Protein chains: 2
Amino acid sequence: MGNAKLYKGSLSTIILKLLNEHEKMYGYEITQKVKEITKGELKITEGALYPSLHKLEAEGLLEVEVLKVDNRLRKYYKLTEQGTQETVNKLEELERYIKTMRALVNPEFRFD
Amino acid sequence: MGNAKLYKGSLSTIILKLLNEHEKMYGYEITQKVKEITKGELKITEGALYPSLHKLEAEGLLEVEVLKVDNRLRKYYKLTEQGTQETVNKLEELERYIKTMRALVNPEFRFD
DNA sequence: CAAATATACATAAATAAGTTATGCATGTAA
DNA sequence: TTACATGCATAACTTATTTATGTATATTTG
């Protein structure tokens, strides 16, 4: 991903959340959506995206439907039930991560 | 580190920030301080910590002073001037990361 | 009309940052 | 005397990326 090393580990969270919001998306669409939402801050590379999608599918979190649109292939992904559950977990993990990092880095946020 | 994969990439930020706050710390002390501040949420493993400290030193961000306390060795690390500057950068990166992730994951936080 | 750019997928080699396991040494508590 | 805490270190392995390619079609641009 474009810039900071911090994004390492957050790609699957991003994918799951976008699919949670959009019901059905294909790979290229995901890269564009992320670029748009983040105003170019984050650019997902294909070398990261496609293996990640395949892994999520293999884990049973996503299911695929291949369509031909304008004579081009598109593989649409959507959340399985398990995927929807895992999305909740990943989002909780992200919030916990952010809280923990704030506590570490921002002394006035420290837990009581 | 203990739990989520999200912490990957944030160790150097944590180390630099703690040294920014404490002037001078040794490795074991850092692991304990992190455990304390995060209430056990985050446990830094030695296999991650020591290589990271060595790398930061090699990059000129930290300098070392070896002391013998209670007949045991301690390697105290402190920020160099460059290290202080890099701390600012890392903290900015962290804030930018958090903002970007919030925009992605929390639609009501999306940028205008 | 040719060339570049956008759309759409994919994979392989290399890199980075961790985990897990292990090793050494001293001191203290059970 | 055995376990646990303090204190450092490294090597082998794993995982998630980056970088570099490859294929193919569609559209824009000079």
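Each chain gets a letter, A, B and so on, in the order the sequences are listed, and its residues count up from 1. Worth saying up front: this structure is predicted, and the values here are computed from it rather than measured.
Taking both residues in full, the closest heavy atoms of A:E41 and A:Y7 are given as OE1-OH, 3.1 Å, listed atom of the first, atom of the second, then distance. Shortest non-hydrogen contact noted between B:K24 and B:L67 is NZ-CD1, 4.3 Å.
A:K75 has a side-chain polar atom (N or O) that falls below the 4.0 Å cut-off from OP1 or OP2 of C:dA10. Look at A:K5 and you'll find a side-chain N or O under 4.0 angstrom from OP1 or OP2 of C:dA17. Contact annotation: A:Y50 side-chain N/O to C:dC9 OP1/OP2 distance is under 4.0 Å. Put simply, A:K8 has no side-chain N or O that comes within less than 4.0 Å of OP1 or OP2 on C:dA16. Listed pair A:Y26 / C:dA8 meets the phosphate criterion, a side-chain N or O lying under 4.0 Å from OP1 or OP2. Close to D:dC8, at under 4.0 Å from its OP1 or OP2, lies no side-chain N or O of B:H54.
Within 4.0 Å (heavy atoms only), B:G27 reaches sugar-phosphate atoms of the nucleic acid but no base atom. Looking at heavy-atom distances under 4.0 Å, A:S10 makes contact with sugar-phosphate atoms alone, never a base. Residue contacts shown for A:G47 include a base, since a base heavy atom lies under 4.0 Å away. The residue A:K55 sits close only to the backbone: its heavy atoms come under 4.0 Å of sugar-phosphate atoms, none of a base. Contact annotation for B:E46: base contact, defined as any heavy-atom pair under 4.0 Å involving a base atom. Within the nucleic acid shown, A:R72 comes within 4.0 Å of at least one base atom, counting heavy atoms only.
Nucleotide C:dA6 holds its P atom 8 Å from the NZ atom of A:K35, rounded to whole Å. One interatomic measurement links the two molecules: CG of B:L42 to P of C:dA17, which rounds to 17 Å at whole-angstrom precision. Remark: P of D:dT25 and CG of A:L73 are 11 Å apart, rounded to the nearest angstrom. Rounded to a whole Å, the CD atom of A:E65 is 13 Å from the P atom of C:dC9. B:L53 places its CG atom 14 Å from the C1' atom of C:dG18, with the value rounded to the nearest Å. Residue A:L6 contributes atom CG, which lies 14 Å from atom C1' of D:dA16 at whole-angstrom precision. Spacing between atom CG of B:N71 and atom P of D:dC8 amounts to 14 Å, rounded to whole angstrom units. Whole-Å rounding puts the A:K43 NZ to D:dT19 P distance at 12 Å.
Distances were taken from every side-chain heavy atom of B:A48 (C-beta onward) to each of C:dG27, C:dG18, D:dA26; the shortest belongs to C:dG18.
With respect to the salt-bridge test (charged N to carboxylate O, under 4.0 angstrom), the residues B:E36 and B:K33 qualify.
Checking side-chain atoms of A:T38 against main-chain N and O of B:T100 turns up no donor-acceptor pair under 3.5 Å.
In this structure the side chain of A:R74 reaches within 4.5 angstrom of the side chain of A:Y76, judged on heavy atoms.
Comparing B:P51 and A:L49 by the nucleotide of DNA chain D that holds the closest heavy atom to each, the one mapping nearer the 5' end is B:P51.
Checked against B:L16 for a side-chain contact (heavy atoms from CB on, under 4.5 Å), the options B:V88, B:L91, B:L79 give a single hit: B:L79.
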